[in-house]
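I have placed the structure first, in the form of structure tokens, so that the comments after it can refer back to it.
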Amino acid sequence: CTVLENIYVNAANLYFTSVDGVLYSTDAKMLVKYPVGRIGAFDMTGEIFASTVGIGANAFTNAVGLNQIVLPGSLMVIDSAAFTNCTKLNTVEFTGKVPPVLMVVGIFDTSVEEFKMVIPTDDSAVVTAYLCAYNFGEYEPYIDLNGNAAPSADTPRNQVSLENLN
């Protein structure tokens, strides 16, 4: 259903709950399904999303109106195909000091016009952790270091310049 903007669950449901119209596991730790009819940005840094540790397979599939997502610092894993066919998602912002595990390559569609990833840059060790994290390597050319140009694909990861970071 391409116009679905909210998913609500009966409070007596044993398996799922709704957090701000988004389908979650009962314990609100795993985002199961984002309503595909929503348009614009989705900011998960608020208190109601603070317990999110995972994004399930196909959770955002076909969310063609989603153009930006800000992921919570609590996020630990993004499952396969989580963002399939998100044809307008051009900004993915990570806020955690520890990068989440990306279960497969190709979770994000880098062919979207002006695609970029934003990572925390207040600590060079955090930047290095992201640049070296499992399955983040393919996104290195798209990582926005707080407005600075991303390192070139030819720059070895251990030689990324962090001088201009704030």
Side-chain angles (χ1 to χ4, degrees), residues 1-10 13-121 126-144 150 157:
C1 180
T2 59
V3 296
L4 184 65
E5 294 181 6
N6 292 290
I7 301 171
Y8 296 112
V9 178
N10 185 305
N13 191 301
L14 299 176
Y15 306 102
F16 300 104
T17 191
S18 179
V19 178
D20 197 33
V22 178
L23 187 65
Y24 269 82
S25 58
T26 302
D27 60 4
K29 291 184 177 185
M30 178 68 71
L31 189 152
V32 177
K33 188 66 181 166
Y34 179 81
V36 298
R38 287 191 179 182
I39 296 173
F42 183 46
D43 186 346
M44 297 179 67
T45 58
E47 185 65 32
I48 61 172
F49 299 107
S51 64
T52 305
V53 295
I55 296 176
N58 301 303
F60 287 85
T61 295
N62 297 321
V64 295
L66 179 66
N67 63 4
Q68 176 183 4
I69 188 164
V70 182
L71 300 166
S74 57
L75 189 64
M76 298 172 64
V77 65
I78 301 176
D79 209 338
S80 62
F83 291 91
T84 301
N85 200 31
C86 291
T87 56
K88 293 182 182 169
L89 181 59
N90 63 8
T91 304
V92 178
E93 183 173 345
F94 295 90
T95 60
K97 300 293 183 189
V98 176
V101 172
L102 304 180
M103 294 302 290
V104 296
V105 297
I107 287 179
F108 302 104
D109 183 359
T110 58
S111 70
V112 173
E113 189 174 336
E114 297 182 23
F115 178 83
K116 69 177 178 180
M117 293 178 109
V118 180
I119 61 173
T121 58
V126 173
V127 173
T128 301
Y130 272 89
L131 295 177
C132 297
Y134 189 69
N135 285 330
F136 268 84
E138 72 175 300
Y139 301 109
E140 191 170 338
Y142 306 97
I143 293 176
D144 180 351
R157 287 188 190 154

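Residues Gly96 and Pro120 come closest through the heavy atom pair O-CG, 3.3 Å. Between Val19 and Ala28 the shortest heavy-atom distance is CG2-CB, 4.3 Å. For the residue pair Phe136 and Met117, the shortest heavy atom distance occurs at CE2-CE, 4.1 Å. Between Pro99 and Ala129, the shortest heavy-atom distance links the atoms CG-O, 3.6 Å.
With rounding to the nearest 0.5 Å, the separation of CG in Leu31 from CE in Met44 is 5.0 Å. Rounding to the nearest 0.5 Å gives a distance of 9.0 Å between OG1 of Thr87 and CG of Asn62. In this structure, Leu89 CG and Asp109 CG are separated by 8.5 Å, a value rounded to the nearest 0.5 Å. Here the straight-line distance linking atom CD of Glu113 with atom CG of Asn90 works out to 8.5 Å at 0.5 Å rounding. Put simply, CD on Glu114 and OH on Tyr142 are 13.0 Å apart, with the number rounded to the nearest 0.5 Å. In this structure, CD1 on Ile48 lies 10.0 Å from OG1 on Thr45, to the nearest 0.5 angstrom.
At least one donor-acceptor pair closer than 3.5 Å links the side chain of Tyr139 to the backbone N or O of Phe108. In this structure, Asn13 contributes its side chain and Phe16 its backbone to a donor-acceptor pair below 3.5 Å. Between the side chain of Ser18 and the backbone N or O of Val9, no donor-acceptor pair lies under 3.5 Å. When atom types are taken as modelled, the side chain of Thr26 and the backbone of Leu14 share a donor-acceptor pair closer than 3.5 angstrom.
With sequence neighbours excluded, no residue forms a side-chain hydrogen bond (donor to acceptor under 3.5 Å, both in side chains) with Asn135. In this view, Lys33 satisfies the salt bridge (Lys or Arg N to Asp or Glu O under 4.0 Å) rule with no residue, not counting sequence neighbours. Residues forming a side-chain hydrogen bond (donor to acceptor under 3.5 Å, both in side chains) with Asp27 (at least two apart in sequence, or on another chain): Ser25. For Thr110, there are no side-chain hydrogen bond (donor to acceptor under 3.5 Å, both in side chains) partners two or more places apart in sequence or in a different chain.
For Phe42 and Phe49, the ring centers sit closer than 6.0 Å to each other.
Contacts classified as salt bridge (Lys or Arg N to Asp or Glu O under 4.0 Å) and involving residues 92-103 (residues at least two apart or in different chains) are given here: Lys97-Asp122.
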Arg38 vs Asn6, test: side chain to side chain contact (heavy atoms under 4.5 Å, CB included). Steps then yes/no. CA-CA 8 Å; Arg38 287 191 179 182; Asn6 292 290; 2.8 Å; yes

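The shortest side-chain heavy-atom distance between Ile55 and Phe60 falls under the 4.5 Å cut-off. Using a 4.5 Å heavy-atom cutoff, the side chains of Phe115 and Pro141 are not in contact.
At most 12 non-hydrogen atoms from other residues, nucleotides or ligands lie less than 6.0 angstrom from CD1 of Ile39.
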Could you pull out all donor-acceptor pairs under 3.5 Å where a side-chain atom in residues 63-83 meets a protein atom, sequence neighbours excluded?
unit_1 : atom_1 : unit_2 : atom_2 : d
Asn67  : OD1    : Ala41  : N      : 3.3
Ser74  : OG     : Ala50  : O      : 3.1
Ser74  : OG     : Thr52  : O      : 2.5

